[in-house]
Each structure stands twice: as structure tokens, then as C-alpha cells.
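Below is one structure, written out as C-alpha cells; comments come after it.
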Amino acid sequence: MSTEAAIIATEAPATPVRRSAYRRLIRDPQAIITASFLLLVIALGILAPLITQHGPNESSLDAVNAKIGTPGYLLGGDQSGQDIFARLLYAINTSVISGLIGTSVAIVIGLFFGLVGGYFGSRVRTSVEWIFNLIMTFPGILLLIVLMPVTKGDYRATMLIFGVLLAPGVYRIVRNLTIGVKNELYVDAARVSGLSTLRVLGRHVMPVVRGPVIISAAFLTGSAINVQAGLAFLGLGSAEVPSFGAMISSGFLNLYVDPLQFVWPALLLGLMSACLVLLGNSLRDSLEGVRPKASKIGAPAQAAVTTTDQTGGQAADLLQVQNLEISYPTPSGEKKPVLKGVSLDLRAGETLGLVGESGSGKTQTAFAILGVLPPESIITNGSIKLDGRELIGLREGELRKLRGRSIAYVPQEPMSNLDASFTVGAQLVEGIRSATSLSRHDARERALELMEHVGITDPQRTFNLYPHQISGGMAQRILIAGAVASGPKLLIADEPTTALDVTIQAEILDLLRDLQKEMGMAILLVTHNFGVVADICDRMAVMQQGRIVESGDVVEVFSNPQHPYTRELLEAILDEDSVREDAPVVRVSAAKELA
Amino acid sequence: MVQYILRRLAIGVILAALVTFLTYWLLSFSSDGVAANILGPAATADSIQALKKDMGLDRPFIIQYFDWLGGVVRGDFGVSFFTSEAVVGAVVARLGVTLSIVLTALVISVVVAVALGVLAASRAGAIDRVTQSASLLGHLLPNLLIAIVLVVVLSINLRLLPATGFTPFSESPSKWAASITIPVIVLVINGIANIAAQVRGTMIGELQKDYVRTLRTRGVPTWSIVYRHALRNAAAPALVVLSLEFISMFGGALIIEQVFALPGFGSFAFNSSLQGDIPVIMGITVFSVMLVVSVNLVTDLINGWLNPKARIY
């Protein structure tokens, strides 16, 4: 991901602070309603002896299939003359205890071994992993049934075992999070500074693990309650224990006499498990922040384009960007501007360097021209013209005809910009066929030709390699080959050399220069490196905080920078260079001493 | 690759040995109950002891286990204590019912869920809200309740479908379809909920990746980006969910078969367990472990084919 986009992505869920998560939770009506309902149900269960006039197993011949509202039998009686209301309330207790036992066993085991397996070395992890894989292969409910003779039908013992069966789920979550945290620098620092393992786990690992474990607890409780009900429905366990499953089963058998006998327990069980799932979702939303939203590919997100059709720049310009303003919505509902009126123009065959520090809006400008801004972005003002044609407001289908043919793109990070599942050759061929009308065979020939052209020594072999099998430099050559495949008029290169080794950087720049000379295309080169600008660009524009603060001929700007920010940047670059020259010497001598 | 498969299968066999050992050990505590079950209500303490001796259940558990294991190695899983049916034949006979339901449900779930998940992630808007609500609803409703409500409505009130029983496909395809419809619906509702949520989430993540943007700048059509590239990369995590779903459907079939009185693997396992039919329980255990091992193996092999980086062989 480009730097600018990354900054926006990290700024969007800006307040993942624990206190605010808690506040968000108590403001979420879904969380409040479900939690209150569950508490009410639990209270009813606890207070059952005070509320009801009959014990759960008390039966009376008079009450057999009694109607609703029979005095003393609020919801009537079942086929054995027991008070349905009383049984329902006592069944809540069975359910709640099942949920508590199953969930706490799963969490205690999963949490403990997750921390151990995630924090300690790979040997410990391997053996822990093995045991949990073993648990997972136990045929779940089947095991509970097989062990009935051992548990003597006691649902509490059964739930104890079920908790063990649920533990691998918790274990996986905790282990993965722990491994992640363990590799964080601040945890390294804590360990190096001599904090005991227990302290590190308690202070640094637990806070990360806590949220996801709480979330999973809601779901685990739901599944424990449902399994208990299922087993009781099948007739396992003591008939003395009132439970939803047993009540559903007897209501089911008595369906023709009185369907309501089935409805009450089913309704309560359904509501309880629904509330647990909804509560779990609320917890997830507030503890883990907003989940990624779906968005339509190429949906024109530009809401408020008030294109000011200024006349300016020359008609001969290939690319004219005028007064471009882009905003991103923030969680509070305001719009945060990232481009505040950017104007630039580019003649055919010219190279323009767009310079500035991370977050200054360089990449946003490049993406806007390509029409690939993130969907949540809003173009609030401005105009982008290519060959005199307005690009803002074009639909994805229209833009697609321009992309590849008229505008092309070379990204910053070569590896993540290739699809790991396809060979590099197949990806080149698909791009060529999308932008031209070549047949599959001709496109393949063209791809091989291009690969040779961009300096890949063995095109035939490389054609069939996957991205992970080639080097970063080679991947960048492939991406450049793909970009220039159909002779674009404008090539937008977003930090094309930043991710590469210094030696390869120069080669890639040479390649771009050669290709430009040959094809006569214009290049918009986004970079933070003045060396690159000096090397290849005709003109340059300096960006700061969404604005272009200075632009002009490269030689002029370098020799006589007007804006203080440009001067600052130029000085910073010189500093960086001097550091880089010194560093290797030190390392070499240190290496010698060690040897 | 053959070597890899063989190694995985060998691990599976070791795993099966361990699991069966544990199961056998746990079962050994209830041998009195088993003998009592066989003898019926007339059982006395003496007759129970006599029968146990007769069946070899009085020997030390470890000897019993290795006796059983020896049989298994020779391909002999023994016969049922109660029906004298050969265990292998009995398991295979019940498998058809369960596989009819589980595989049909799985195929339907996958087709619907992948379509929903992909459309939700790539189109957003209404289809996304429908998908999210559908998967929430599927999570909210307990299987057991869906099953019973469907029986009440479709079979008892509307008399559209048989409430219970199973007709083999070979006997009458239409009756077969009718007999599995409700159980399949029940499994499908949960299956779609799980798989669609997973596919949607992974696809959203995939469509935000850099390579998608680069493909767009090449003029590659949206359908190709979504279905050839993103879906292929999202398939691996979805496949893992799918394999878990298959295993959990197989386990969940137990309750469903019981509700619909289907003579499947689940209800067979249930009844054998209640009776303490040790040879049958052991056969079922071996089969279950090998099923899990093979499903995981197939998942990994397909993942390797989908994702060149994950190729382990």
C-alpha cells in the first residue's frame, strides 16, 4: 500500500483506546437490549423458587395439559402435569450453568495454552499444537454421547467435556494474537529490560488478547447452551433436570394436543441464543473497531464535483490537473482534505517529478489521475484533463478504455502489485489483451518481446514463474513491461525505485529513460528522492500538505529554491547522503574486528 | 506429492490409533452397563459377570484394546454386540443416508454462499445488506429449532413433505429428494451463514490489495479482477471454512437424523453409544478420524493448487 493511503487507513479508526471502546459499547442499543434481556432471563432463573408456586418436578394429575392461565399454572401444564412456567424458569438455570461451565473451561484451557504456545519457542508450540489438533479430531457430540456412562448423564460433567472440545477455537485466537504481539518491538524492549515472563504476559499480551476472548465467550456460551439443549432433546441426561431440550422434546411429542407447549421453551432458547450472537457482534464492533466495509469496484465516489472550468495551461498540454481537491470522511462525519487545490500540467514526452514527504498528497494525485482513488474518497473540486478530455466523472467502463492505452501505472512495491496466484507471463498477457485486440498467441509473443526489452535475460523461463519466485528488481521490470505494453502517452510511476536495492534503482531509472526516448511518452514520477528527480526529470513540482508549493525547471529549482520547504527538503537530502556514505565503512570495520 | 500424501495419511493412522486408544479406555469403564444392556431386564450381578467373561470384557483393558487393534490391522472390525452385523458393512450402509444430506447441503451452501459473498464484497449496497442479514439470521437460529419448525409447517400442517424416514435414491429419486429436503434446508441455512460471511470478509480484504489497483490500471475488466484474481486468492481461507463446515455438518447430522428419524450415520452412532456397542463405536470412531484427516488433506492439496506459495509438495 502506498504511504499516503496507509496513513489514511490508520487514521480512519483513530481511537481504538480501550475506554472509548467501552463507551461505544454502552452507547450501542443492540448491546444494551441484548445484555439487559440476558440479565433479566438470568435473574428470572435465579429467582425461580420465589416466583413460581411449583417445583420443577412437581406434578399433579389435575394439571395434565392444563390450559394457559389455569390458576397456579401461568403457562399451563404439560403432559405429565408439571407447571410449564416453573419448568421454564428452572430450565434457564440449567442453560446458564451449561453455558458458564462450557465457556469457562474452553477459555481457561484455550487461554493458558494459547499464551504458552504463542509465547514460548517453537518446540513447545509444536507439541501444544499437536494436542489441540488431536482434540479437534474427536468427533464432538459423538464423544459426549460415548462418554455418557462416564458422566453418568450429569449435564455439568458433559459440559465440562464440551468445554475441552471448544478449547481449540480459543487456543487458535490467543496463540495467533500472542505470536503477533511477541514480535512487536515494545514487547522485545520489555523483555530485554528484564521484565519477567509473567509480567510481560500480564502487562503486554493480555490487553491484546482480552477483547477477542471476550467476544468469543459470547459465541461459545451460545453454542454450549444449544448443545446442551440438543443433547437433552435427544433424551440424554436425567429427566429430573428441567431443560429447554427436554421441554422442546416433550412439547414436540404433544404437538397435536397443545402446540404452545412446544413454543415456550423453543422461543426462550431461540431468544437467548440470538441475544448471545447479537451481543457478540456488538462486542466485536466496539472492541475491534469498525470492520472493513464492502465497496463497489470503481464506484465513482466523487460526490460533490463542482468542476470549475478554468482556462489556464496550454491547450497543447497532454495532462492538465486544475485545482484538484480531495477529501476523506472521518469517523466524526467531517471531511478531512488531503489535496487542497493541486494544479499541474505535463506536455507530451516530458518528465515531471512530483516531490514531497510522505503524506503530502503525491500518491493521491497520481491515483486521482488514474481514476483509482479509494471508494470512500470524495473529489470536492477540480478538473483532470487528458488530451483535453475531462476524466473526472467518467464511469469505470470509460476509464478502462483509457487505462493501459493512454495512461499506465508503475507502482512502488513490486511484489504486492503482482497477483501471487498467476505466473508473471499470464499477468502480462492479460494486461496486453485488455488494452489491445491482440490474440492470445500474439499477446504472448508481445509479452516475451517486452520482457526481453526491459532487460529480463531469460524471458521464456521467467514467463512461467510465479511472483514469489523472482526478485524485487525483476518484478519491477515485469510491472514496467506491463505498463508500457500498449504504448501509453502518459506513464505514472509512483516511487518506482523506493523498494529496490540502490544498484537496481539506477538500472530501473535507465530503463524508464530509454523507454521514454523510444516511445515518446510523458512520465509523471512521484518520488521523495531528489537524486531521482535530478537524474531523470525535466521539471519538478514540490508538494506539502496537499498543496504544490513550488514548481519549475529542475535545474532552476535545485540551484535557486524559492520556497522554504523546498530548501528544507534539499538540505535534508544532503544530510541523508552523508550518513549513508559513512555507515558502511563503520560496519565493514566492525565486521573485520569480529572476524 | 505422493510422498507427501502418504506421510499425511501415516500421521492420520497414528492419530486414529491414539484416539481409539483413548475412546476404548473411556469405554472400558462402562463394560458392566454393556453386559446389562445385552442381557436386558433379567440381568443379575452373576449373569453380568458371566457374560463379561464370555465376551472377554473382564480382561485388562490394554489387552482388549490390542486384541481389537490386531483385528483392525487384519481388516476385521468385529461384529456388533447386539445385532451381530459386521461393523464395516453396518457403517457403510448408514453412510449413504448421511452423505446424501451432508453433501447435498454442502454443495447448495457453497454455491449460494460464494455467490452471495462475492457479490456482497464487489457490489456493496443492497446485495451486501441482504448477505449480512442472511448470515446473521443463520447464526441466530438454533439448528434444532429450524428443524422442528420446518417439520411442523411443511410436513404436519401443509403435508408437502414426509416428516420422517428415508427413501434410497436407487428406489425412487423423487421420494429420495423429498425425504432429504427438510434436513438439507436446515443444514443449508447454517452453512450459508458461515461460508457467506467468510467469503465476503476475505473478498473485501482481497479487493483492497495493491494488485487489484494495478490490474485496474492495466484496463483489465472488473469481472476478471473479481472472479479470476480476487476470488482465486480468497478461495484458500474460504476452503478452510468449507472443510470445517463439512465436518461440523457431519457431526450436526446426529441431531437432525434423530429429529427426522433418518437411519443415518449419526443416529446409528447415537444408538450404538447408548447401548454401549463397543465394536460399532470403535468402528465409527476410526471412520470419523479418517474422515477428518482426509478432508483436511484434500483441503491442503486444493490450497496448494490454488496458491503457488503454499505448495508443500
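Everything numeric in this text was worked out from a predicted model, so none of it was measured. By convention in this document, chain letters (A, B, ...) are assigned in the order of the sequence lines, proteins followed by strands, and residues within each chain are numbered from 1.
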Below 4.5 Å from any heavy atom of chain A, which atoms of [X] appear? Answer side chain, backbone, both or neither.
X: B/Ala120; answer: backbone
X: B/Val212; answer: neither
X: B/Arg228; answer: both
X: B/Ile256; answer: neither
X: B/Ile204; answer: side chain
X: B/Leu18; answer: side chain

Could you state the interatomic distance from [atom1] ([X]) to [atom2] ([Y]), rounded to the nearest 0.5 Å?
X: B/Ile148; Y: A/Ser249; atom1: CD1; atom2: OG; value: 8.0 Å
X: A/Glu413; Y: B/Asp210; atom1: CD; atom2: CG; value: 7.5 Å
X: A/Ile369; Y: B/Thr217; atom1: CD1; atom2: OG1; value: 13.0 Å
X: A/Cys275; Y: B/Leu140; atom1: SG; atom2: CG; value: 9.0 Å
X: A/Ser273; Y: B/Leu145; atom1: OG; atom2: CG; value: 7.0 Å

Residue selection (most heavy-atom pairs with chain B, distance under 4.5 Å) from [options]:
options: A/Gly431, A/Gly404, A/Ser421; value: A/Ser421
options: A/Leu402, A/Leu276, A/Leu278; value: A/Leu278
options: A/Ile248, A/Leu271, A/Val410, A/Leu479; value: A/Leu479

| Would B/Arg232 count as a cation-pi partner of A/Phe422, with NZ or CZ less than 6.0 Å from the six-membered ring centre and within 45° of the ring normal? |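 Flagged: B/Arg232 positioned over aromatic ring of A/Phe422.
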So do the side chains of [X] and [Y] get within less than 4.5 Å of each other, counting heavy atoms only?
X: B/Leu144; Y: A/Asn226; result: no
X: B/Arg216; Y: A/Arg403; result: yes
X: B/Arg213; Y: A/Leu370; result: no
X: A/Leu234; Y: B/Ile255; result: yes

| said: Do A/Glu430 and B/His229 pair up side chain to side chain, a donor and an acceptor below 3.5 Å, judged on atom types alone? | reply: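 Side chains of A/Glu430 and B/His229: pair found under 3.5 Å.
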| said: Can a side-chain donor-acceptor contact be found between A/Asp419 and B/Asn233 if the only test is distance below 3.5 angstrom? | reply: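 Looking only at side-chain atoms, A/Asp419 and B/Asn233 do form a donor-acceptor pair, the distance falling under 3.5 Å.
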| request: Check whether more than 12 heavy atoms from other residues, nucleotides or ligands sit under 6.0 Å from atom CZ of B/Arg123, and answer yes or no. | output: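 It does not: B/Arg123 CZ has 12 such atoms or fewer within range.
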Which region of [X], side chain (C-beta onward) or backbone (N, CA, C, O), has a non-hydrogen atom less than 4.5 Å from a non-hydrogen atom of chain B, or is it both or neither?
X: A/Ala483; result: both
X: A/Leu418; result: backbone
X: A/Phe252; result: side chain
X: A/Phe219; result: neither
X: A/Leu236; result: side chain

| message | Ignoring hydrogens, what is the shortest heavy-atom contact between B/Ala124 and A/Ser295? Give both atom names and the distance. | response |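 Shortest heavy-atom separation between B/Ala124 and A/Ser295 comes out as CB-CA, 3.7 Å.
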| field | Shortest non-hydrogen contact between A/Glu396 and B/Thr222, atoms and distance | value |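 So the minimum-distance heavy-atom pair works out to CG-OG1, 4.1 Å.
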| field | Residues which pass ring pair (Phe, Tyr, Trp, His ring centres under 6.0 Å) with B/Phe265, listed by chain and number, not counting sequence neighbours | value |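 Listed in chain order: B/Phe250, B/Phe287.
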| Based on non-hydrogen pairs under 4.5 Å, which of B/Ser224, B/Gly205, B/Ala121 is most in contact with chain A? |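 Of the candidates given, the most pairs with chain A belong to B/Ala121.
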| field | Option that, when pairs with chain A are counted at under 4.5 Å, heavy atom only, ranks first among B/Ile225, B/Thr214, B/Leu26, B/Val151 | value |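 Result: the option with the highest number of such pairs is B/Thr214.
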